[in-house]
**Q** 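One structure coming up, written as structure tokens, with questions to follow.
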Amino acid sequence: MDISPVVGHRIHPYFITSHLPFSITKCSQSLPANSVTIKNNNNNTKSKYIPKTKDYNSISHQSRQSAMLDIQQSKDLQLALSRSGGVLKVQDLNIVMREFGKQNRLKDLSQLFEWMQQNVNLNFASYSSYMKLMGKSLHPNKALEIYNGIEDKLVKVHPSVCNSVLGCLIKSGKFENSFDMFRRMKQDGLVPDVVTYSTLLSGCAKVQDGYTKATELVQELKNNELKMDSVIYGTLISVCASCKRCKEAENYFNQMKSEGHVPNDFHYSSLLNAYSVDGNYEKAEEIYKEMKLAGLVPNKVVMTTLLKVYVRGRLFEKARELLTELEVLGYAEEEMPYCLLMDALSKAGTIDEAKLVFSEMKIKNVKTDGYAYSIMISAFIRNGLLEDANELASEFEAKYEKYDVVILNTMLCAYCRTGEIENVMKLMKKMDELSINPDRNTFHILIKYFVKEKLYMLAFKTLQDMHSRSQQLDEELCSTLMFQLGKTGAHAEAYTVYNMLRYSKKPMCKDLHEKVLYILIAGRLYKDAYVVFKDNARLISRPAMKRFSSSFMRFGNINLINDVMKAIHTSGYKIGEGLFSMAVTRYIDQPEKKDLLLQLLEWMTGQGYIVDPSTRNLILKNADLLGRQQTAEILSKQHVMSKLKSIKST
DNA sequence: GTAGGGTTAG
């Protein structure tokens, strides 16, 4: 098989870019250089609503209205701002921001916000609205930059500002960061409210062990004497559902009702989602009925979630009926329900049925964002239908220009499995162009592929890239790569891989130390080998220890010989006569190191080691070199010791 | 005259 733009001869030019294999995506733009906020003298947020001068007050309502319209309707926003922005108060500009948000004019929104940063004293509403309206489009670093740039301390700890920053972090998956941030905000004086807690709780739905964290947050909320409201309950039920805590979801649902809150669509769909975990359609149907009896009309999400319950319970007939119902109601214009059905069908082993749904969906012109494709591609890969997977990936590429990291990963996986390197590289370039950040999965797929193709150095560079982005490494893959690097002579790289694993948070497999020790010996990297041995001596087997120590005595740094001896002794192994003799020979070859030899002899004697006759002779022969008197002293101690030992043993 | 939070898919 020839897969070889990279294999065999040269690495494809694409890989010889500055930083392999992805270029570093620039994510934080800096603020304009002149972004100095114009200040008034009021530091109090409240006072900003009070007009400050007669002139300011006299600007008529009407002229402000027309200025706002001008800004909203102008083709050149910058121009309109310099023309009309001056007469507007911060709350007027906030209104315009919200208008832009409503119209999804995100670019204008950002431009307006930047202008406001430079020209107006922003209030808390400006910050929180901006971050909310930008939603997922606001890079978390940018949000933090904005937040850190807030000088007014009261604005900075305003709950709505804090909440929107936290929300932004959570939306972009930075749950841990949001938690740290929350701690710091509290230190700075934030008094969290229910919204803060529900914001943080919503992050719990996305992390492992989220339920435990959620429980802690609920406790904190209660300690702060805050009351759970309907939204908090909604969030909690959804957290339970995501964490597969069906019973707990039910409990919160009932608790909420008993406190007099009336459940709405959110509560019902989250509870249904909890029932979907084990496909408990009986309970689901019960609650669905209850909802209708309460006078609520199930919306798209509720019905789709019920469909999820059916497919999880493998009630495909019921699911199909419900899908038809959704279609009739116009609730199946997006791919979600089809995705649920296809995914479940393919996982139930009926991939042909899934294919049928997929083609049905295409005939009906259902909109797709790539979910359906990635489900089918993964299904093909799972079933070993690599050609089909590959074909579908190409089809998606040809038809759509919408990518995210998941669909890209799925496609990468398909191409990697069939060994289509040209396509793999095309996708990687695309990822770079679209500034889509590779995630742990991306790296994993690539490294695995490079290893399979024996492109170990490329795999290594990719691993380094992954590590530099603080992605958690996969130990098994690293271990394979380390071994292969060692085998192909890249000893230092193998050691780098070992160290990446060693200093990552997870405890590593015990064999790895010994494996890397052999690699380091083979690569004559004795000093590194010594470090590995010393730090893990108790996990190193006798044969490995012997190989290490004898290599070190012959070729390792002479200045470390005594340390190696001590390390062997400390780890519980006995220093053998052979090893000792090797060390002595090595020292005698380098007379300038005689002090070290004397130290060694002294120490060995102190530990009760006895010199074998031939080494003893060797020392005697070189007594001039070592200093007669010292040699005599040591050897006599040795003599006494050996006598004692022989007495003991008889 | 202000603000932030919860539901379904890969």
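We name chains A, B, ... by the order of the sequence lines, and we start the count at 1 in each one.
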**Q** Using a heavy-atom cut-off of under 4.0 Å over every strand shown, decide if E335(A) touches base, sugar-phosphate, or nothing.
**A** base
**Q** May I ask you to verify whether the side chain of N409(A) and the base of dG10(B) hold a donor-acceptor pair under 3.5 Å?
**A**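 Answer is no: no donor-acceptor pair is held.
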**Q** Less than 4.0 angstrom between a side-chain N/O of K300(A) and OP1 or OP2 of dT8(B), yes or no?
**A**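 K300(A) to dT8(B) OP1/OP2: no side-chain N or O under 4.0 Å.
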**Q** Among dG5(B), dA9(B), dA3(B), which is the nearest nucleotide to the side chain of D229(A)?
**A**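 For the D229(A) side chain, the nearest candidate turns out to be dG5(B).
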**Q** Report the nucleotide, chosen from dT8(B), dG6(B), dT2(B), that has the shortest atom-to-atom distance to any side-chain atom of T305(A).
**A** dT8(B)
**Q** Which of these passes salt bridge (Lys or Arg N to Asp or Glu O under 4.0 Å) with E176(A): R183(A), K206(A), K213(A)?
**A** K213(A)
**Q** Side chain of I232(A), heavy atoms from C-beta onward: which of dT7(B), dG10(B), dG5(B) has the nearest atom to it?
**A**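 Of the candidates, dG5(B) comes closest.
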**Q** Spell out yes or no: do the side chain of T235(A) and the base of dG6(B) have one donor N/O and one acceptor N/O closer than 3.5 Å?
**A**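 Check fails, no donor-acceptor contact within cut-off.
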**Q** Is the shortest side-chain N/O distance from R98(A) to OP1 or OP2 of dT2(B) below 4.0 Å?
**A**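 The answer is no; no side-chain N or O of R98(A) sits under 4.0 Å from OP1 or OP2.
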**Q** At 4.0 Å (heavy atoms only), tell me whether D404(A) reaches a base, stays on the sugar-phosphate, or touches nothing.
**A**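 Base contact.
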**Q** Consider the side chain of S230(A), meaning its heavy atoms from C-beta on, and name the nucleotide among dG6(B), dG5(B), dA3(B) that approaches it most closely.
**A**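 Closest nucleotide among those given: dG6(B).
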**Q** Nearest to the side chain of M336(A), which nucleotide is it out of dT8(B), dA3(B), dG6(B)?
**A**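 Selected nucleotide (nearest to the side chain): dT8(B).
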**Q** Counting only side-chain heavy atoms from C-beta out, which of dG5(B), dT7(B), dA3(B) sits nearest to F266(A)?
**A**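 The answer is dT7(B).
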**Q** If you look at every strand shown and take non-hydrogen atoms under 4.0 Å, does I407(A) touch a base, only sugar-phosphate, or nothing?
**A** base
**Q** To the nearest Å, give me how far apart CD1 (I170(A)) and P (dG5(B)) are.
**A** 11 Å
**Q** Could you tell me if the ring centre of Y268(A) sits under 6.0 Å from that of F253(A)?
**A** yes
**Q** May I have the distance from N123(A) (atom CG) to dT2(B) (atom P), rounded to whole angstrom?
**A**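 Going from N123(A) (CG) to dT2(B) (P), I get 11 Å.
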**Q** What nucleotide, of dA3(B), dG10(B), dG5(B), holds the atom closest to the side chain of T199(A)?
**A**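 Within the option list, the nearest is dG5(B).
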**Q** What is the distance, to the nearest angstrom, from the CG atom on L340(A) to the P atom on dT7(B)?
**A**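 In whole Å, dT7(B) P and L340(A) CG are 16 Å from each other.
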**Q** If you check the D343(A) side chain, which of dA3(B), dG6(B), dG10(B) turns out closest?
**A**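 The listed nucleotide nearest to D343(A)'s side chain is dG10(B).
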**Q** Please tell me if N273(A) has a side-chain N or O lying less than 4.0 Å from either OP1 or OP2 of dT7(B).
**A**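 Looking at the OP1 and OP2 atoms of dT7(B), neither is under 4.0 Å from any side-chain N or O of N273(A).
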**Q** When you get a sec, tell me which of dG10(B), dT7(B), dG6(B) is the closest nucleotide to the side chain of V301(A)?
**A** dT7(B)
**Q** Measure up the H261(A) and Y233(A) rings against each other and bin them: parallel (under 30°), tilted (30 to 60°), perpendicular (over 60°).
**A**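 H261(A) and Y233(A): tilted rings.
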**Q** For F179(A) and F175(A), take the angle between the two ring planes, folded into 0 to 90°, and tell me which bin it lands in: parallel under 30, tilted 30 to 60, perpendicular over 60.
**A** tilted
**Q** Once you round it to whole Å, what is the distance between C1' of dG6(B) and CG of L217(A)?
**A**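 Rounded to the whole Å, the gap is 14 Å.
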**Q** Given atom CG of L345(A) and atom C1' of dG10(B), what is their separation to the nearest angstrom?
**A**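 That distance rounds to 15 Å.
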**Q** What integer distance in Å separates K227(A):NZ from dG5(B):P?
**A** 24 Å
**Q** What is the distance, to the nearest angstrom, from the CG atom on N264(A) to the P atom on dG6(B)?
**A** 13 Å
**Q** What about Y371(A) and Y338(A), are their ring centers closer than 6.0 Å?
**A** no
**Q** Take atom NZ of K171(A) as the centre, draw a 6.0 Å sphere, and report whether it contains more than 12 heavy atoms from other residues, nucleotides or ligands.
**A** yes
**Q** Using whole Å, what does the distance between atom C1' of nucleotide dA3(B) and atom CG of L166(A) come to?
**A**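 Roughly 14 Å, once rounded to whole Å.
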